[in-house]
2 protein chains.
Amino acid sequence: MFAALGDPTRLAIFDRLADGKPRSISVLSDDADMTRQAVTKHLRVLEAAGLLQNHRVGRESQYAFCPEQLAEARAYLDQVAGRWESALMRLKSFVEDDEA
Amino acid sequence: MFAALGDPTRLAIFDRLADGKPRSISVLSDDADMTRQAVTKHLRVLEAAGLLQNHRVGRESQYAFCPEQLAEARAYLDQVAGRWESALMRLKSFVEDDEA
DNA sequence: GTTAAATGCAACCAGGAGGTTGCGTTATGT
DNA sequence: ACATAACGCAACCTCCTGGTTGCATTTAAC
């Protein structure tokens with residue numbers, strides 16, 4: 001999932017869809033100075049990572065923002081930050097014990 | 001920065017260093033079933049992304065957790081989630097207006 | 001019913017990422 | 001002082017990724 005957002009093109013697409021509005025592939029590839037096929041591949045990657053949702057309507061396939069994985073990413077970052085801070089606390093109390 | 005955490009090997013190293021303790025390259029490459037050089041490259045990438053800090057001591061170079069970029073990533077995810085939720089709110093009020 | 005739009009599929013290509021090996025250099029330990 | 005540990009640099013290799021092109025297929029529009 002970090003890998004999915006790691007590519008700048010993909011991050012741009014994802015950012016564009018963050019307003020919640022679903023968009024078709026051709027709409028997304030219009031202002032993405034690259035082939036429709038390339039955009040399609042990126043969309044597939046983002047969908048596989050659980051960041052986007054695809055839903056075929058008529059002859060066009062709409063991709064839309066999907067918030068679940070986003071929450072998971074935030075949870076992971078929070079957890080890492082938490083581990084780090086608690087390590088800091090242990091270090092601090094160790095130093096203070098040493099001073100006492 | 002998402003790209004830096006996108007590689008599983010790098011994520012593992014980063015996760016390992018999240019306890020705040022600095023570690024030398026050879027220590028890190030001991031249990032990473034891969035060459036020291038490969039680990040070095042990964043560490044350089046993580047450092048360039050601002051996720052780790054390097055500090056040479058004697059003949060060994062110690063890499064340690066660096067929290068700043070982490071906060072930035074969290075801020076970005078928050079911002080995206082915020083944009084999405086406010087879009088939801090607008091949609092909701094639109095529907096309610098329509099009902100009225 | 002035909003034309004055109006929106007997409008899917010597959011083959012293909014160039015470049016960069018991840019990894020290794022070999023060798024040189026600096027610091028440590030005894 | 002000498003052996004060895006920890007590291008840097010550079011060349012090299014392989015494979016995956018990002019991108020393209022060509023063609024087939026489904027669906028809308030008129």
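Just so it is clear: chains get the letters A, B, ... in the order the sequence lines come, proteins before strands, and each one is counted from 1.
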### Query
In chain order, what residues pass the salt bridge (Lys or Arg N to Asp or Glu O under 4.0 Å) check against A:Arg10, with sequence neighbours excluded?
none

### Message
Looking at every non-hydrogen atom in both residues, tell me the closest pair between A:Phe65 and A:Gly20 and how far apart they are.
### Response
CB-CA, 4.4 Å

### Task
Find the distance A:Leu28:CG to C:dA6:P and express it as a whole number of Å.
13 Å

### Query
Any side-chain heavy atom of A:Arg23 sitting closer than 4.5 Å to one from A:Arg16?
yes

### Task
Over all heavy atoms of both residues, which pair between B:Tyr63 and B:Arg44 is shortest? Give the atoms and the distance, please.
OH-NE, 4.2 Å

### Query
Listed in order of residue number, which residues of residues 43-65 of chain A have a non-hydrogen atom at under 4.0 Å from DNA chain D?
A:Gly58, A:Arg59

### Query
Looking at residues at least two apart in the chain, or sitting in another chain, which of them share a salt bridge (Lys or Arg N to Asp or Glu O under 4.0 Å) with A:Asp78?
B:Arg74

### Message
Minimum heavy-atom separation for B:Met1 and B:Gln69, please, with both atom names.
### Response
SD-O, 3.9 Å

### Task
Under 4.0 Å from any atom of DNA chain D, heavy atoms only: list the residues of residues 7-19 of chain A that qualify, in numerical order.
A:Asp7, A:Thr9, A:Arg10

#### Entry: From B:Asp19 atom CG to A:Leu88 atom CG, the distance as rounded to the nearest 0.5 Å
10.5 Å

### Polar side-chain atom of B:Arg56 near backbone of B:Asn54 as donor-acceptor pair, under 3.5 Å
no

### Query
With sequence neighbours left out, what residues match A:Arg36 under salt bridge (Lys or Arg N to Asp or Glu O under 4.0 Å)?
none

### Task
Look only at the side chain of B:Arg83 and the backbone of A:Asp15, and say whether a donor-acceptor pair between them is shorter than 3.5 Å.
yes

### Task
Within residues 30-42 of chain A, find the residues that approach DNA chain D with a heavy atom at under 4.0 Å, and present them sorted by residue number.
A:Met34, A:Thr35, A:Gln37, A:Ala38, A:Lys41, A:His42

